[in-house]
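A short worksheet on the structure shown next.
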There are 2 protein chains.
Amino acid sequence: MWAGDQLSFVASVVRGVARLSQTLPDGRTRVVGLLMSSDFLGRPGREVLGCDVTAISDLTLCCFRREPFESLRAEIPHLTDRLLDLALDEMDAARDWILLLGRKTAREKIASLLAICAWRAGTTSYSAQGKPVWQPTTGPLTIDLVLSREMMADYLGLTIETTSRQISALKTLGVIALEGNRRVIVPDLRRLLAETGDDIGLMGHQQRQV
Amino acid sequence: MWAGDQLSFVASVVRGVARLSQTLPDGRTRVVGLLMSSDFLGRPGREVLGCDVTAISDLTLCCFRREPFESLRAEIPHLTDRLLDLALDEMDAARDWILLLGRKTAREKIASLLAICAWRAGTTSYSAQGKPVWQPTTGPLTIDLVLSREMMADYLGLTIETTSRQISALKTLGVIALEGNRRVIVPDLRRLLAETGDDIGLMGHQQRQV
DNA sequence: CGCTATATTGATTGGTGTCAACGGGAGTGG
DNA sequence: CCACTCCCGTTGACACCAATCAATATAGCG
């Protein structure tokens with residue numbers, strides 16, 4: 001979509017999912033971030049983004065041209081505060097991810113990803129401050145995976161085959177059920193969380209002690 | 001050192017190295033960041049840090065108590081701009097790291113880490129803007145590793161043994177030479193870069209196209 | 001109803017983790 | 001000054017998880 005180009009705009013994701021990725025010269029590619037609704041795209045104060053952005057679903061962006069945005073930022077200092085806040089959140093997510101990539105097994109990685117998506121699915125409402133609110137659910141939970149197996153694999157640093165195998169394994173264990181290829185049903189969230197390798201399960205996404 | 005505590009101050013690293021880490025309940029620990037000179041410690045606008053900080057060398061910090069700092073930030077909007085800038089840099093580094101952890105072999109990880117340290121070692125001067133300036137070197141380069149093998153392993157998501165083995169392998173290949181345990185000599189930087197798995201080698205640290 | 005992309009499953013290999021033994025330097029105490 | 005110990009690093013043998021190669025199945029779509 002855009003590759004290291006100068007971005008003439010910044011944007012906020014309204015709906016859909018986009019992926020941030022980088023590529024090694026030998027062709028290996030890594031997803032280094034996922035942008036979902038309310039996430040911010042662009043580098044305030046910077047010219048260039050530094051990685052590729054690809055839409056992986058229908059995507060609605062709220063765009064601002066760069067120069068007006070920068071001058072607006074000069075006028076309203078509080079805007080920068082908010083951007084800093086977003087950047088720090090991103091940083092937390094990135095650190096959780098680093099933890100995941102470095103020290104988790106394939107099974108735990110898959111479970112963690114599903115748990116994060118379950119959390120996203122369960123986060124349907126927002127508080128007055130714009131912070132997502134977790135809706136605790138006891139019953140079964142349905143996740144609409146927007147990601148293909150390949151993208152999950154890239155996301156987790158695995159191969160497609162291993163990804164598929166671990167999903168099958170979780171299905172056999174009864175931790176999840178599949179409905180088509182990209183819809184996952186979680187009968188008991190706790191069982192899924194138990195597979196993630198950290199007892200918090202959502203790795204701080206749920207109630208991070210930031 | 002400090003674990004998830006409320007930090008009553010923010011700080012800038014003057015000299016030395018500190019590590020940011022998180023721990024999984026079963027005891028697996030992951031370094032999720034390294035703080036070196038000029039790096040910033042603390043979360044402007046936040047109460048709590050969210051991960052552990054440990055000094056791994058003599059460490060000199062330039063500390064500010066939180067409340068005065070926050071009010072200073074309110075007075076001087078430009079300060080927040082600078083903090084945002086730092087956060088975005090951190091984000092870039094985190095993304096590079098994610099790439100490294102997810103798609104690189106043990107050999108490439110070690111080489112990448114050494115390359116980064118070589119870059120740090122070669123960065124002796126700073127431009128007027130405070131940006132480090134890379135001093136291109138053709139001759140041999142000496143790196144003072146502050147890190148123990150264990151910390152390198154945690155940093156890279158490897159075990160101590162694998163770390164040691166890969167270092168030995170690079171030594172056998174003549175890519176590096178050891179002088180004691182924590183001093184590395186790089187006769188030809190290009191040969192080291194060739195082992196990192198990305199032709200840029202320094203993973204954007206050298207001349208990131210941000 | 002095929003065609004293609006995506007996903008699953010199987011067989012095998014290889015890289016990294018694990019367990020275990022050994023080496024060497026620094027500090028300590030006799 | 002030497003013996004002892006402890007910590008860190010190295011090296012080896014082996015096991016195991018995930019990658020790779022390969023075949024098949026399924027879903028999506030014209």
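The chains referred to below are lettered A, B, ... by the order of the sequence lines, with proteins before strands, and numbering in each begins at 1.
Every residue two or more places apart in sequence or in another chain that forms a salt bridge (Lys or Arg N to Asp or Glu O under 4.0 Å) with B/Arg183 is listed here: B/Asp144, B/Glu179. Contacts of B/Glu195 classified as side-chain hydrogen bond (donor to acceptor under 3.5 Å, both in side chains), with partners at least two apart in sequence or in another chain: none. Partners of A/Glu150 under the side-chain hydrogen bond (donor to acceptor under 3.5 Å, both in side chains) rule, at least two apart in sequence or in another chain, do not exist in this structure. Residues passing the salt bridge (Lys or Arg N to Asp or Glu O under 4.0 Å) test with A/Arg15, sequence neighbours excluded: none. Taking the side-chain hydrogen bond (donor to acceptor under 3.5 Å, both in side chains) definition, one finds that A/Asn181 meets it with nothing, sequence neighbours left out. Scanning for side-chain hydrogen bond (donor to acceptor under 3.5 Å, both in side chains) contacts around A/Glu161 gives an empty result, with sequence neighbours left out. By the side chain to side chain contact (heavy atoms under 4.5 Å, CB included) test, B/Leu147 pairs with B/Leu34, B/Ile56, B/Leu113, B/Met151, B/Met152, sequence neighbours left out. B/Arg65 pairs by the side chain to side chain contact (heavy atoms under 4.5 Å, CB included) definition with B/Glu67, B/Pro68, not counting sequence neighbours.
Listed by residue number, B/Arg165 are the residues of residues 164-180 of chain B with a heavy-atom contact under 4.0 Å to DNA chain C.
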Using distance only, find each side-chain donor-acceptor pair of residues 162-171 of chain A under 3.5 Å and give its atom names and separation, not counting sequence neighbours.
{"unit_1": "A/Thr162", "atom_1": "OG1", "unit_2": "A/Thr159", "atom_2": "OG1", "d": "2.9"}
{"unit_1": "A/Thr163", "atom_1": "OG1", "unit_2": "A/Thr159", "atom_2": "O", "d": "2.8"}
{"unit_1": "A/Gln166", "atom_1": "OE1", "unit_2": "A/Arg107", "atom_2": "NE", "d": "2.8"}
{"unit_1": "A/Ser168", "atom_1": "OG", "unit_2": "A/Ser164", "atom_2": "O", "d": "3.0"}

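Summarising the geometry, the separation between CD on A/Glu161 and P on D/dT24 is reported as 16 Å, rounded to the nearest angstrom. Separating the NZ atom of B/Lys104 from the P atom of D/dA19 is a distance of 17 Å, rounded to the nearest angstrom. One atom, CZ of B/Arg103, and another, C1' of D/dA19, lie 10 Å apart when rounded to the nearest Å. Here D/dC7 presents its P atom at 14 Å from CZ of B/Arg182, a figure rounded to the nearest Å. Atom P of nucleotide D/dG9 and atom CG of B/Leu158 are separated by 15 Å, given to the nearest angstrom. Atoms CD (B/Glu150) and P (D/dC7) sit 12 Å apart, rounded to a whole Å. As rounded to whole Å, 15 Å separates atom C1' of D/dA27 from atom CZ of A/Arg183. Distance CE (A/Met152) to C1' (D/dA18): 16 Å, rounded to an integer number of Å.
Looking at B/Asp39, its side chain does come within 3.5 Å of a backbone N or O of B/Met36 through a donor-acceptor pair. Remark: side-chain polar atoms of A/Ser57 are paired, donor with acceptor, to backbone N or O of A/Val17 under 3.5 angstrom.
Interface limits on DNA chain C: the 5'-most and 3'-most nucleotides within less than 4.0 Å of chain A heavy atoms are C/dT6 to C/dA11.
Five base pairs at each end of the helix from C/dC1-D/dG30 to C/dG30-D/dC1 define two local axes, and these are offset by 30° (rounded to 10°).
The 5' end of DNA chain D is approached more closely, in terms of each residue's nearest nucleotide, by B/Thr163 than by the other of B/Thr163 and A/Arg107. Nearer the 5' end of DNA chain D, as judged by each residue's closest nucleotide, is the contact made by A/Gly157, out of A/Gly157 and A/Asn181.
Remark: A/Thr159 is not in phosphate contact with D/dA18, judged by side-chain N or O atoms under 4.0 Å from OP1 or OP2.
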